[in-house]
There are 2 protein chains.
Amino acid sequence: MTSATRTGTKGVARADREQQILDVAGGVFAEQGFAATSVADIAREAGISKPLIYNYFGSKEGLFERCLLEASSLLIGEIERSARLGAVGLRRALVTLEGVFAALDGRAWVWAVANDPTAPVSDAAGDVLGSYRRRLEELATEGVGELLALAGDDDALDLDAMTTVWSNVFTSLVTWWCEHPGVTPDQMSARCERLFGAVFGMSVSG
Amino acid sequence: MTSATRTGTKGVARADREQQILDVAGGVFAEQGFAATSVADIAREAGISKPLIYNYFGSKEGLFERCLLEASSLLIGEIERSARLGAVGLRRALVTLEGVFAALDGRAWVWAVANDPTAPVSDAAGDVLGSYRRRLEELATEGVGELLALAGDDDALDLDAMTTVWSNVFTSLVTWWCEHPGVTPDQMSARCERLFGAVFGMSVSG
DNA sequence: TCGATATGACTCGCGAGTAAGTTACCACGG
DNA sequence: CCGTGGTAACTTACTCGCGAGTCATATCGA
């Protein structure tokens, strides 16, 4: 007979408990941001006590790092998979967006965690975030470079600025989608194709 | 004979001191973000004590609200002035960007404060921020609506998504500029014209 | 009985906000 | 000219709550 709150084991294996905590933490971090959530919040939400989290993850940063690792692995994996598909220019951008929409379907917290503006910058979590962002930046620079070269612009600062802009376009499209849960990945992909078409004044269906 | 640290007045009028505090606070908030800066940080930076800030501004939010008020007034004023110039479409976007670059020259903290992701959402500061963002959104929706209508797209969600994207493009161009202090407003305006030309595949000089 | 799973009840530092006092200046009556 | 009191400007030294992290202890299956 186990009463509602009582010390002692509940018979949940460490691996299972860790995964459960990670799922809960991902949701809470996504909703409130790293800075605004307390470890006690996550413990309460998971129905366990704070020390158990410290036993398994060491610190608040440690827990966040694990969430971030899951999130950035998923995203980077998907984006590199898209890159290997061999599409170029605008088509590549669209393919990448579609891949991310599909990968994120039902896991919207992944995006929020990977883009949390209150995430810690030092520690291991900061490193994970840094290499994730660097990788995205590389990919973006590639695509933007092609576009600018095509337009005869080879200014290095132009490339840098345009890469930033494109990264933000990508981010804002995904974020917009995350904030509209009723929209399916397919609908969102179609929307992106329409918008690209309107902006670039050309068909991108080839 | 006044020693370095001593209680008592220093003969600085309230209005002057308030302005000095606002200047210092703007810089610190811009650099560290609202959440990460303590009132003690600002007091130390300004060479005064914490209670004086509470005397003059009531609370940390109150101080931030005053900074935000200065920042958003400057930005909204400038953007509406640009709007009254009567340019349309892409030209209007460029004119607005140029106006903001000129208005922000030497006051980069204004932009960082107005876009602080850790700014409080409730209280008066949240209201100021809210109405600032709403106004920007209106302006953006106007311009984007023209563009999409031109392309034969009248989907409401497309307009909403595209407005978000455009707002982020605008924001990222200004932010990029704020992070490159060596670039003059004129140079940045020229860069924007080049990039717009490359992306939209047309001259925007008319 | 041992080790893994678990928790209640702490410590400790940090930062927002405050109470109470100190100094300089100025307007006024003598 | 000289107190003298009022007020604006300013500070030191607190309180207080919250959240990260810890310690000692409890339960349970093998």
Side-chain angles (χ1 to χ4, degrees), chain A residues 1-22 24-25 28-29 32-67 118-126, chain B residues 1-22 24-25 28-29 32-67 118-120 122-125:
Chain A
M1 176 197 328
T2 325
S3 84
T5 60
R6 179 129 134 271
T7 180
T9 183
K10 290 172 183 164
V12 179
R14 175 168 183 150
D16 295 347
R17 190 63 97 184
E18 282 192 357
Q19 194 53 55
Q20 180 213 349
I21 294 174
L22 284 174
V24 170
V28 178
F29 280 139
Q32 312 187 336
F34 174 82
T37 97
S38 72
V39 176
D41 285 344
I42 295 168
R44 189 178 341 101
E45 195 76 14
I48 56 164
S49 70
K50 209 159 51 119
L52 192 58
I53 294 182
Y54 282 92
N55 270 348
Y56 288 171
F57 299 97
S59 67
K60 187 185 173 186
E61 268 86 7
L63 174 58
F64 187 74
E65 186 206 345
R66 291 282 299 274
C67 291
T118 71
V121 287
S122 32
D123 300 322
Chain B
M1 176 203 327
T2 326
S3 84
T5 59
R6 179 130 133 271
T7 179
T9 183
K10 289 171 184 164
V12 179
R14 174 167 184 153
D16 296 347
R17 192 60 98 185
E18 283 191 356
Q19 193 54 54
Q20 181 213 349
I21 295 174
L22 284 174
V24 170
V28 179
F29 280 139
Q32 313 187 336
F34 174 82
T37 98
S38 72
V39 176
D41 286 344
I42 296 167
R44 188 177 343 99
E45 195 77 13
I48 57 164
S49 70
K50 208 159 50 117
L52 192 58
I53 294 182
Y54 282 92
N55 270 348
Y56 288 172
F57 299 96
S59 66
K60 187 184 174 188
E61 268 88 5
L63 174 57
F64 187 74
E65 186 206 344
R66 290 281 299 273
C67 292
T118 70
S122 31
D123 298 324

Practice task
May I have the distance from B:N55 (atom CG) to C:dA16 (atom P), rounded to whole angstrom?
Solution key: 16 Å
Practice task
Respond yes when some side-chain nitrogen or oxygen of A:R14 is under 4.0 Å from OP1 or OP2 of C:dA4, and no when none is.
Solution key: no
Practice task
Among D:dG21, C:dA16, C:dT23, find the nucleotide with the atom closest to the side chain of A:Y54.
Solution key: D:dG21
Practice task
Could you tell me the separation between the CZ atom of A:R44 and the P atom of C:dT7, rounded to a whole number of Å?
Solution key: 14 Å
Exercise for the section: Determine: side-chain N/O of B:R17 to OP1/OP2 of D:dC10, distance under 4.0 Å, yes or no. Expected result: yes
Practice task
Check the pair B:I48, B:R17 against side-chain contact (heavy atoms from CB on, under 4.5 Å), reporting the backbone distance first and the verdict last.
Solution key: CA-CA 10 Å; B:I48 57 164; B:R17 192 60 98 185; 3.7 Å; yes
Practice task
Grab the CD-P distance between B:E18 and D:dA8 for me, whole Å please.
Solution key: 14 Å
Exercise for the section: Could you tell me whether the phosphate oxygens of D:dA9, OP1 or OP2, come under 4.0 Å of any side-chain nitrogen or oxygen in B:K10? Expected result: no
Exercise for the section: Establish, with yes or no, whether the OP1 or OP2 oxygen of C:dT7 is under 4.0 angstrom from a side-chain nitrogen or oxygen of A:S49. Expected result: yes
Problem - Chi angles and distances behind the side-chain contact (heavy atoms from CB on, under 4.5 Å) call for A:E65, A:D123 - result: CA-CA 9 Å; A:E65 186 206 345; A:D123 300 322; over 6 Å; no
Fill in the blank from the handout: Rounded to whole Å, the CD1-C1' distance (B:I53 to D:dA9) equals 14 Å
Exercise for the section: Could you tell me whether A:E45 atom CD has more than 12 heavy atoms of other residues or ligands within 6.0 Å of it? Expected result: no
Practice task
Could you state the atom-to-atom distance from CD of A:E61 to C1' of D:dA20 in whole Å?
Solution key: 9 Å
Handout entry: Under-4.0 Å side-chain N/O to phosphate OP1/OP2 contact, A:Y56 with C:dA6
Key = yes
Completion exercise
5'-most contact on DNA chain D (nearest-nucleotide basis), B:A15 vs B:P51, goes to B:A15
Problem - B:A125 backbone acceptor or donor facing B:E61 side chain under 3.5 Å - result: no
Problem - Nearest-angstrom distance from the residue atom CD1 of B:I21 to C1' of D:dA9 - result: 11 Å
Exercise for the section: Start with the C-alpha gap between B:F29 and B:I42, add the side-chain angles, then the distance that decides, and say whether side-chain contact (heavy atoms from CB on, under 4.5 Å) holds. Expected result: CA-CA 9 Å; B:F29 280 139; B:I42 296 167; 3.8 Å; yes
Practice task
Check every strand shown and say whether B:F57 touches a base, only sugar-phosphate, or nothing at a heavy-atom separation below 4.0 Å.
Solution key: nothing
Exercise for the section: By nearest nucleotide on DNA chain C, pick out whichever of A:K50 and B:S38 is the more 5' one. Expected result: A:K50
Practice task
Nearest whole angstrom, please: distance from the P of D:dA8 to the CD1 of B:I48.
Solution key: 18 Å
Problem - Distance, rounded to the nearest Å, where B:L52 contributes CG and C:dT23 contributes P - result: 17 Å
Handout entry: Selected nucleotide, minimal atom distance to B:K60 side chain, candidates D:dC28, C:dA16, D:dC10
Key = C:dA16
